[in-house]
There are 2 protein chains.
Amino acid sequence: MNRTSPAKRTTIYDLAELAGTSASAVSAVLNGNWKKRRISARLAEKITKLAEEQGYAVNMQASVLRRERSKIIGMIVPKYDNRYFGSIVEQFENLARERGLFPIITCTRRDPALEVEAARAMLSYQVDCLIATGATDPDRIVDLCASAGVRTINLDLPGSRAPSVISDNYGGALELTRRVLANCEREYGEKAPLLFVGGRGTDHNTMERVRGFRDAHAEAGVPVDEALVQTCGYAPEKAETVMKQLAERTSSLPRGMFVNSTISLEGVMRWIRRSGHYAERMPHLGCFDWDPFVAMLGDHIEMVRQDVPKMLEAVFGIIDSGATDITVVQIPPIVEKIG
Amino acid sequence: MNRTSPAKRTTIYDLAELAGTSASAVSAVLNGNWKKRRISARLAEKITKLAEEQGYAVNMQASVLRRERSKIIGMIVPKYDNRYFGSIVEQFENLARERGLFPIITCTRRDPALEVEAARAMLSYQVDCLIATGATDPDRIVDLCASAGVRTINLDLPGSRAPSVISDNYGGALELTRRVLANCEREYGEKAPLLFVGGRGTDHNTMERVRGFRDAHAEAGVPVDEALVQTCGYAPEKAETVMKQLAERTSSLPRGMFVNSTISLEGVMRWIRRSGHYAERMPHLGCFDWDPFVAMLGDHIEMVRQDVPKMLEAVFGIIDSGATDITVVQIPPIVEKIG
DNA sequence: CATGCTTGCTCAATCGATGAAGCAAGAATT
DNA sequence: AATTCTTGCTTCATCGATTGAGCAAGCATG
């Protein structure tokens, strides 16, 4: 209707002129502290109406430049291709917005160089706080941020220089392995070591999961077969290759496996279907991560679902409290019922 | 090491002082147009080294405020909980970064109010361009942006006031329905109408898919059963309810169905497994959207995979060319082979 | 030697919002 | 009547980067 300017944006100066007042008054009214600045309700109302009519939107760039804190909160995340990270991101946005923070997220594809670059970009945008999710080198990012006076919190993978919120990987893996071992024993009447496939041997989560895997074997009195501990990376192709090579090397494939993430499971399942191995009898699987369709793949799969809501509550608990002590909060994951 | 300031950020003025030069020279060097501004290579090098040592990062707020264009590109997206939107977001980030643009993304949970709010927030952050993905009311967003002089492109769902890039929903649905009809006929020896479940009856994509669904039925000489066209929304629970009510009302459930998104499929599959219907014989399914695990659910499911890379190339093609004519680009989806 | 061109910088205004300080007019107090 | 207080504003410097305009020194040309 009253589109006076087709291209140029309305500023507080425009509104001030229209209202016959000063930019400072307009600013005070629009950012809500007009009472403190003793602007009359009459003028406040007038300005508010005008702003609405003109479709005014603050220039956050200008506002942030001037203010002490930006109220922007950043997150880096490895991938968007699974439910775990998807829900982390969605929940992060919700909780950030609840607190009046503006969330910006960037995906770093598990690439350390990209992680650093992304963190740098976020610093340029003056984030008040950065959540490093599943970062390969969290401490590097913490250092970068620290030198700009920006807080960091590690999520999913812990670091040594900032508070971290992670799953209880050991506990989850222990229980998951127990179940798969039990399922195998129930079906085959004898105990046998499982395959561990997926994840990076160097990352904390994978190491903890392997530890749980080993301890569950020990508990059951089953020796771990070292050739069957394959931390080959998360990518489906990597897991697929492991399976292929395993089938070439050995005559009898394991009857059960611990698959470290749905991403790796994708590769494992693809190989199982394509190769025709396990055609008569599916192996018992345990997957560390949850996906609704995996849950429907059959009753031979157990899953551990990381408790994303609790994890993000913990993250924002740390942010809200302003705590900076370097702790690792471990959130117990949920072991899903089969089927 | 040389962390002179533990909290305060380094600015070009700090660097200028350290280098014994002016802020303007520093700025010119750091944003790359020092040649144009006739700064000597010697000074450029000195400043670059200093900036690196000090861990300098531009203040984008200040930079954007001054510049004509922000080089920030926004995207709103309904959800992060499926592979389709996940890959859209990931691909969007990649292509944006390739072009030196800074992507910001926000998830609006299919909530029209949130969509508008999110768009407004993006305008405040001075985005140069906004991609509205799967927006319930794209035209509203376009208007909002237009009044701030910001371009918009609709993705996934078309609008009437900005260029749109969408899948060929009709074509995809036609082919998908054909296949499911054929699969049913092959198994049962006779033709029968399919169930259509999921999606919003009011959205363009769903309408087009229903049209394809109808035309495939017509082609096959099968009358569509109007009671079996259930555009109940995308949420799993909605689809589940449809199935339950259907089972209560009729004695014989359809032998095949067209499920409008993996999200709806989640509900359908859940019901199938829990209710015990279809226990002896799974229905033939066609799912409009792809998921790797759905592909493994069995050979009774056909999937249409929307061509995300092509769609986003089209989006950036429009952005790069600066075209503003209101066209609808339709990208043919990929009909996945079964199994 | 005067003039003009090139090189290599610096100066200062600017983007839009914010908020401390200040000012004028009226109300209240002594 | 003189003083202080309150109310309701306005003025102006500031945040950090960018960029048009300008300036001084060196060199070349006539």
Side-chain angles (χ1 to χ4, degrees), chain A residues 5 7-47 51 54-72 102 123-126 128 148-149, chain B residues 5 7-47 51 54-72 102 123-126 128 148-149:
Chain A
S5 49
K8 214 63 209 103
R9 305 161 112 97
T10 314
T11 70
I12 50 169
Y13 298 94
D14 303 332
L15 293 180
E17 188 154 5
L18 285 169
T21 179
S22 73
S24 146
V26 173
S27 168
V29 169
L30 295 178
N31 66 31
N33 56 10
W34 52 279
K35 288 211 164 155
K36 202 184 309 174
R37 312 244 347 235
R38 296 187 311 217
I39 306 291
S40 65
R42 217 175 59 80
L43 181 57
E45 207 168 324
K46 183 176 177 186
I47 290 174
Q54 298 294 315
Y56 171 82
V58 217
N59 182 328
M60 275 300 174
Q61 278 2 305
S63 176
V64 166
L65 176 58
R66 190 64 231 285
R67 273 166 8 203
E68 184 64 16
R69 299 187 48 230
S70 70
K71 299 197 166 196
I72 301 176
F102 187 77
L123 289 179
S124 277
Y125 283 95
Q126 312 297 111
D128 283 336
Chain B
S5 48
K8 213 65 211 98
R9 304 160 113 97
T10 315
T11 71
I12 51 169
Y13 297 94
D14 302 331
L15 293 180
E17 189 154 2
L18 285 169
T21 181
S22 71
S24 138
V26 174
S27 169
V29 168
L30 296 179
N31 66 30
N33 57 9
W34 52 279
K35 289 211 164 157
K36 200 184 308 173
R37 298 201 45 128
R38 296 186 311 217
I39 306 291
S40 65
R42 218 175 58 83
L43 182 56
E45 206 168 324
K46 182 176 177 185
I47 289 175
Q54 299 293 315
Y56 171 82
V58 218
N59 182 326
M60 276 300 174
Q61 252 66 55
S63 175
V64 166
L65 176 59
R66 188 65 231 286
R67 272 164 9 201
E68 183 65 15
R69 298 185 49 230
S70 70
K71 301 197 166 195
I72 301 176
F102 187 78
L123 289 180
S124 276
Y125 282 94
Q126 312 298 110
D128 282 338

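Since the model is a prediction, treat every value here as computed from it, not as a measurement.
Rounded to whole Å, atom P of C:dC9 lies 13 Å from atom CD of B:Glu45. Per the geometry, OH belonging to B:Tyr125 stands 14 Å off P belonging to C:dA17, to the nearest Å. The interatomic distance linking A:Lys46 (NZ) with D:dG8 (P) rounds to 15 Å, in whole Å. If you take CG of A:Leu65 and P of D:dA17, they are 9 Å apart, rounded to a whole angstrom. At whole-Å resolution of the value, NZ in B:Lys36 and P in D:dT19 are 8 Å apart. The separation between A:Ile39 atom CD1 and C:dG19 atom C1' is 11 Å, rounded to whole Å. Taking atom CZ of residue B:Arg38 and atom C1' of nucleotide D:dA21, one finds them 11 Å apart after rounding to whole Å. C:dG8 atom C1' lies 12 Å from atom CD1 of B:Ile47, rounded to whole Å.
Under the 3.5 Å distance criterion, the side-chain polar atoms of A:Ser70 are left unmatched by any main-chain donor or acceptor of A:Val64. The closest donor-acceptor contact from the side chain of B:Arg9 to the backbone of B:Ala57 lies at 3.5 Å or more, if one exists at all. For the pair A:Ser124 (side chain) and B:Val58 (backbone), a donor-acceptor distance under 3.5 Å is present. With hydrogens and angles ignored, the 3.5 Å screen pairs no side-chain donor or acceptor of B:Asn33 with any backbone N or O of B:Lys36. At distances below 3.5 Å, at least one donor-acceptor pair connects side-chain atoms of B:Arg67 with backbone N or O atoms of B:Arg69.
Applying the 4.0 Å criterion to OP1 and OP2 of C:dC11, one finds that B:Ser22 has every side-chain N and O outside that range. The side chain of A:Asn59 places no N or O atom within less than 4.0 Å of a non-bridging phosphate oxygen (OP1 or OP2) of C:dC15. Distances shown here put every side-chain N or O of B:Ser63 at or beyond 4.0 Å from the OP1 or OP2 atom of D:dA17. Residue A:Thr21 places no side-chain N or O under 4.0 Å from the OP1 or OP2 atom of D:dC9.
Contact of the A:Asn59 side chain with the B:Leu65 side chain is registered, since non-hydrogen atoms from C-beta on lie closer than 4.5 Å. By the 4.5 Å heavy-atom criterion applied to side chains, A:Leu18 and A:Thr10 are not counted as neighbours.
You'll find that the side chain of B:Arg67 is closest to D:dT19, out of D:dA17, D:dT19, C:dG16. Closest to the side chain of B:Ser40, out of D:dC9, C:dG16, C:dC9, is C:dC9.
Between A:Tyr125 and B:Tyr125, the distance from one ring center to the other does not fall under 6.0 angstrom.
Using a 4.0 Å cut-off on heavy atoms, the residues of residues 23-30 of chain A that approach DNA chain C are A:Ser24, A:Ser27, listed by number. The stretch residues 11-19 of chain A has no heavy atom under 4.0 Å from DNA chain D, so no residue of it qualifies as close.
Where B:Gln61 and B:Arg37 each meet DNA chain D at their nearest nucleotide, the meeting point lying more 5' is that of B:Gln61.
The two residues A:Tyr56 and A:Ile12 come nearest to each other via the heavy atoms OH-CG2, 3.4 Å.
Listed by chain and number, the residues in a side chain to side chain donor-acceptor pair (under 3.5 Å) with A:Gln61 are B:Gln61 (sequence neighbours excluded).
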